[in-house]
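Notes follow the structure.
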Amino acid sequence: MDIFELCQDFCFDGEFLRYEIVTTGNINTTYKVFMQCGDKEERYLLQKINKNVFSHPEKIMENITSVNAYIDHRHKCEDLFVLHFISNKSGEPYVIDKDGNFWRACKFFDCACFDSPDNLDVIEEAGRAFGQFQYLLNGYDASRLHVTIPNFHDTRKRILSLEKTIKYASGDRKTVAQEEISYILDNKKLAFKLCELLDEGKIPLRVTHNDTKCNNVIFRKDTLKALAVIDLDTIMPGLCAYDFGDGARSICSTTDEDEQDLSLVKFDLERFERFSKGYFKYLKEILTDEEKDTLALSVYIMTLELAARFLQDYLNGDVYFKVRMKNHNLIRARCQIALCKDILTKLDKMNEIVNKHLQ
Ligand code: GN1
Ligand code: MG
């Protein structure tokens with residue numbers, strides 16, 4: 001794709017100078033674009049939405065625009081802002097190229113971003129940002145949102161789908177992954193808890209982000225205060241436990257998601273303490289007792305679910321997540337399973353920590 005030509009269809013200020021590819025993110029493809037605006041150089045992020053993952057990108061953009069407007073209008077929130085997209089010539093927040101791909105662009109902020117932070121103040125801020133984001137959307141009617149990926153965090157359906165893949169998978173990959181397959185299938189029952197409570201109507205659907213990885217928060221470089229929650233592609237009706245559990249999985253792990261030395265993969269309780277403190281700062285006012293009871297376990301569930309997703313993609317021949325090395329999805333699945341094992345030994349302590357910060 002000619003990035004220069006594509007940029008002409010957006011209402012950017014300034015003249016196109018050059019672009020660079022950005023290598024983070026497992027789904028979409030991102031570029032940094034440099035523009036000359038008078039005597040200043042401005043930077044933007046330009047992103048191609050992955051059509052294999054999101055079959056209706058316009059619905060994602062509708063969700064994001066609507067949620068952003070809600071946050072902007074309902075709340076004058078000084079310590080969390082939302083990212084707005086640059087319009088095309090007809091006022092839509094995206095451009096469709098000649099191959100039918102959706103592209104969007106926003107201003108680039110010179111900020112800090114972390115995959116696996118060890119600074120406890122940063123961790124508390126990440127928790128604060130994700131918790132506050134959900135708190136700010138408390139009055140938003142979740143049924144107004146398009147479900148852009150159905151059953152995204154339905155752990156039971158995820159595991160059922162993995163089981164089907166295992167049944168029909170053949171060849172080396174299945175043999176190589178035997179140990180990981182067994183771990184997930186042997187431990188699946190515990191991971192169905194959120195689905196069961198939701199079916200029984202015991203926990204409410206809220207507006208959730210659904211991808212609360214640490215690198216989906218941006219921080220001011222000087223103060224390391226969280227500025228914004230980004231990557232709202234999967235904003236959908238969901239459970240508080242999805243966002244809390246996935247956030248803790250990502251932020252309180254001692255390694256990146258593809259660590260190969262499994263002896264280094266641990267769930268850090270000191271980080272969990274600070275993440276929980278930040279997360280519940282606002283949210284504790286609105287959570288129900290039944291929701292509160294699910295939170296520590298949700299960390300295990302979200303970790304097992306992601307292990308199952310990585311493993312399934314490995315067995316399917318790497319069709320969903322971008323891979324950057326040989327056996328990347330298997331390595332990722334192993335890392336999440338190692339994290340699951342450590343989390344299970346710490347669940348009592350995690351419940352104590354959650355309860356303390358919910359007071
Ligand atoms: C994907 O796009 P990115 O990297 O933020 C994935 C998440 C996974 C995550 C694991 C739409 O997120 O669900 O938790 O990778 N997003 C989608 O790193 O599947
Ligand atoms: Mg994402």
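Just follow the structure's listing: the first ligand is 1, and inside any ligand the first atom is 1.
- Per-residue contacts place Tyr320 under 4.0 angstrom from the following atoms of ligand 1 (heavy atoms of the residue considered): 11 (C), 17 (C), 19 (O).
- The cationic group of Arg309 does not satisfy the cation-pi geometry with Phe321, failing either the under 6.0 Å distance to the six-membered ring centre or the 45° limit from the ring axis.
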Subject >> Working for ring pair (Phe, Tyr, Trp, His ring centres under 6.0 Å), residues Phe244 and Phe272 >> reply: CA-CA 11 Å; Phe244 178 74; Phe272 187 62; 5.7 Å; yes
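- Any N or O atom pair closer than 3.5 Å counts here, and Asp231 shares at least one such pair with ligand 1.
- Taking Ile, Leu, Val, Met, Phe, Trp and Tyr as hydrophobic and joining them when side-chain heavy atoms fall under 4.5 Å apart, one finds Val323 isolated, its cluster having no other members.
- Using a 4.0 Å cut-off between charged side-chain N and carboxylate O, Arg249 and Glu257 make a salt bridge.
- Taking any N or O of Asn210, backbone or side chain, none lies under 3.5 Å from an N or O belonging to ligand 1.
- Heavy-atom separations between Asp233 and ligand 1 are all 4.0 Å or longer.
- Taking the ring centre of Tyr300 as origin, the terminal cationic atom of Lys193 falls outside the region bounded by 6.0 Å and 45° from the ring axis.
- The salt bridge (charged side-chain N to carboxylate O under 4.0 Å, His left out) analysis of residues 329-338, with sequence neighbours excluded, yields the pairs Glu180-Arg334.
- Only the side chain of Leu306 comes within 4.0 Å of ligand 1, counting heavy atoms alone; its backbone N, CA, C and O stay farther away.
- Under 4.0 Å is where a charged nitrogen must lie from a carboxylate oxygen, and between Arg274 and Asp268 no such pair does.
- At a heavy-atom distance under 4.0 Å, atoms from both the backbone and the side chain of Asn26 approach ligand 1.
- Ligand-side atoms of ligand 1 in range of Phe54: 11 (C), range being under 4.0 angstrom from any heavy atom.
- Looking at Asn215 against ligand 1, nothing comes within 4.0 Å, counting heavy atoms.
- Less than 4.0 angstrom separates some heavy atom of Asn216 from each of these atoms of ligand 1: 5 (O).
- Contact check on Arg156 versus Asp199 returns a salt bridge, with a Lys/Arg side-chain nitrogen under 4.0 Å from an Asp/Glu carboxylate oxygen.
- For the ligand labelled ligand 1, residue Arg332 lies outside the 4.0 Å heavy-atom shell.
- Atoms of ligand 1 lying under 4.0 Å from any heavy atom of Gly25, numbered from 1 in the order shown and given with element: 4 (O).
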